[in-house]
Participant: 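What follows is a structure written as structure tokens; I'll ask about it next.
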Amino acid sequence: MRKIVAGNWKMHKDRSEALALVSALGRSPAIAGVEVMVAPAFPFLAMAAELLQGTDIIVAGQNCHHEAKGAYTGEVSAPMLQSVGVKACIVGHSERRQYFAESDEMIGRKVRILLDHGITPIFCCGESRAEREAGSHFKVVTEQMKGALGGLTPEQMEQVVVAYEPVWAIGTGLTATAGQAQEMHAHIRSLLRSHGPNVANVPVLYGGSCKPDNAAELFAGPDVNGGLIGGAALDAEQFKALVRIASES
Ligand code: 13P
């Protein structure tokens with residue numbers, strides 16, 4: 001099964017900081033068996049793609065618009081990302097759902113336009129604290145998956161990466177226990193399998209306060225194929241440690 005460690009830098013790092021982090025990662029020797037992705041903010045994607053040329057590190061966007069072009073002031077399209085060497089893109093992050101009112105339907109359109117442009121969508125799903133406390137977390141994730149990915153063909157589904165990010169664990173220092181993560185990942189795996197046998201091999205990443213000191217336990221889950229990392233991805237040493245832990249899990 002593929003393993004991926006992806007760093008979501010969110011709205012952090014100015015040009016010189018982004019340059020320093022990308023350069024530090026680019027200089028590090030590749031670790032066998034783990035695909036590494038970094039998602040800096042839009043202004044630094046082209047620079048990151050150029051600096052990382054010749055390495056195995058993939059540059060990812062954090063978002064894109066669901067149309068290829070048009071009068072959408074302030075937005076960035078999938079073909080624009082493709083033209084600067086972006087090979088993956090996060091979609092449906094809970095911060096986009098929460099602060100920018102992204103619906104499952106809109107996220108599904110983003111997934112499709114990314115696939116049309118040869119960009120790997122990293123599709124995020126996950127329940128809020130209230131939803132977990134109400135015991136509806138499996139239902140919520142099922143609806144997010146069906147709402148956004150339901151219309152895809154098995155061949156399209158095979159190109160997607162899923163990230164399970166419980167909203168209550170993002171940036172809070174709270175993390176899902178290894179058991180909570182694995183049981184949701186197994187649920188997501190069964191949803192994927194219902195699209196076709198090969199779709200069951202889609203990587204499912206865990207995200208939410210994943211750090212070097214809890215990653216080994218989280219990544220040990222048989223259905224946990226790596227991580228989508230926020231805070232710990234902003235530091236080269238911590239991020240590299242997470243990649244090493246994924247390679248050993
Ligand atoms: P933290 O690792 O900072 O909790 O963020 C996780 C996340 O949202 C990655 O997309």
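Position 1 is the first residue of the sequence; numbering continues from there. As the structure lists them, so they are numbered: ligands from 1, and atoms in each ligand from 1.
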Participant: Within less than 4.0 angstrom of ligand 1, does C124 place any heavy atom?
Facilitator: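 Per 4.0 Å heavy-atom rule, C124 does not contact ligand 1.
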Participant: Taking atom CG of D56 as the centre, does the number of heavy atoms from other residues, nucleotides or ligands within less than 6.0 Å exceed 12?
Facilitator: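 No, because the 6.0 Å sphere around CG of D56 holds 12 heavy atoms or fewer from other groups.
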Participant: Hydrogens and angles aside, do Y72 and S77 bring a side-chain donor and acceptor to less than 3.5 Å of each other?
Facilitator: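 Y72 vs S77: no donor-acceptor pair found between side chains.
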Participant: Using a 4.0 Å cut-off to any heavy atom of K10, which atoms of ligand 1 qualify?
Facilitator: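 Reading through ligand 1 atom by atom, the close ones are 5 (O), 6 (C), 7 (C), 8 (O).
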Participant: Heavy-atom contact check, 4.0 Å cutoff: does K211 meet ligand 1?
Facilitator: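 Under 4.0 Å: no for K211.
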Participant: If you count every heavy atom of other residues, nucleotides or ligands that lies below 6.0 Å from Q156 atom CD, does the total exceed 12?
Facilitator: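 Yes, enclosed.
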Participant: Quick check on contacts: which atoms of ligand 1 are under 4.0 angstrom from a heavy atom of G171?
Facilitator: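 Per the distance check, 1 (P), 3 (O), 4 (O).
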Participant: List the closest protein heavy-atom neighbour of atom 9 (C) of ligand 1: residue, atom name, distance to the nearest 0.1 Å.
Facilitator: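 Of the protein heavy atoms, E165 OE2, 2.9 Å lies nearest.
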Participant: For ligand 1, does A233 get within less than 4.0 Å through its side chain, its backbone, both, or neither, judged by non-hydrogen atoms?
Facilitator: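 None of A233 does.
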Participant: Just to confirm my output: which protein heavy-atom neighbour is closest to atom 2 (O) of ligand 1, and how far is it?
Facilitator: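 For atom 2 (O) of ligand 1, the nearest protein heavy atom comes out as G230 N, 3.0 Å.
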Participant: Salt bridge between E35 and K3, side-chain N to carboxylate O under 4.0 Å?
Facilitator: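 Between K3 and E35 there is no salt bridge, as every charged N stays at least 4.0 Å from the carboxylate O atoms.
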Participant: Closer than 4.0 Å to some heavy atom of S209 - which atoms of ligand 1 meet that?
Facilitator: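 Selected atoms, number and element: 1 (P), 2 (O), 4 (O).
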Participant: What pairs of residues pass the side-chain hydrogen bond (donor to acceptor under 3.5 Å, both in side chains) test when at least one of them lies in residues 138-148, not counting sequence neighbours?
Facilitator: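 Those involving residues 138-148 are T142-H187.
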Participant: For ligand 1, which atoms have a heavy atom of L228 less than 4.0 angstrom away?
Facilitator: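 Going through ligand 1 atom by atom, the ones under 4.0 Å from L228 are 9 (C), 10 (O).
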Participant: Polar contacts were defined as any N/O atom of the residue lying under 3.5 Å from an N/O atom of the ligand; does this apply to T172 and ligand 1?
Facilitator: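 Not met; the criterion fails.
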Participant: Are E102 and R97 within salt-bridge range, i.e. N to O under 4.0 Å?
Facilitator: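 No, this pair does not count.
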Participant: Judged by modelled atom types alone, do H93 and Q62 share a side-chain donor-acceptor pair under 3.5 Å?
Facilitator: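 Result is no, nothing qualifies.
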Participant: May I ask you to list the residues sharing a hydrophobic cluster with V161, side-chain cutoff 4.5 Å, ordered by chain and number?
Facilitator: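 Same cluster as V161: I4, M37, I58, I90, I122, L205, L228.
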Participant: Check this for me, if you would: do E248 and R244 make a salt bridge, where the nitrogen-to-carboxylate-oxygen distance has to be below 4.0 angstrom?
Facilitator: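 No, no charged N to carboxylate O under 4.0 Å.
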Participant: Using a 4.0 Å heavy-atom cut-off, which part of N8 comes near ligand 1: side chain, backbone, both, or neither?
Facilitator: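 The part of N8 near ligand 1 is the side chain, not the backbone.
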Participant: Quick one: does G208 get within less than 4.0 Å of ligand 1, heavy atoms only?
Facilitator: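 It does; at least one heavy atom falls under 4.0 Å.
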Participant: Would you mind listing which atoms of ligand 1 come within a distance below 4.0 Å of any non-hydrogen atom of A169?
Facilitator: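 The atoms of ligand 1 under 4.0 Å from a heavy atom of A169 are 4 (O).
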Participant: So for ligand 1, is A232 a polar contact partner (N or O within less than 3.5 Å, distance only)?
Facilitator: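 N/O-N/O distance below 3.5 Å does not exist for this pair.
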Participant: Are any of the N or O atoms of E95 closer than 3.5 Å to those of ligand 1?
Facilitator: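 No, no N or O pair falls under 3.5 Å.
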Participant: In terms of residue, atom name and distance, what is the protein heavy atom nearest to atom 3 (O) of ligand 1?
Facilitator: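 Residue, atom and distance for the closest contact: G231 N, 2.8 Å.
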Participant: Using the ring of each side chain (for Trp, its six-membered ring), is H185 parallel, tilted or perpendicular to Y164, with breaks at 30° and 60°?
Facilitator: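 Rings of H185 and Y164: perpendicular, as their planes differ by over 60°.
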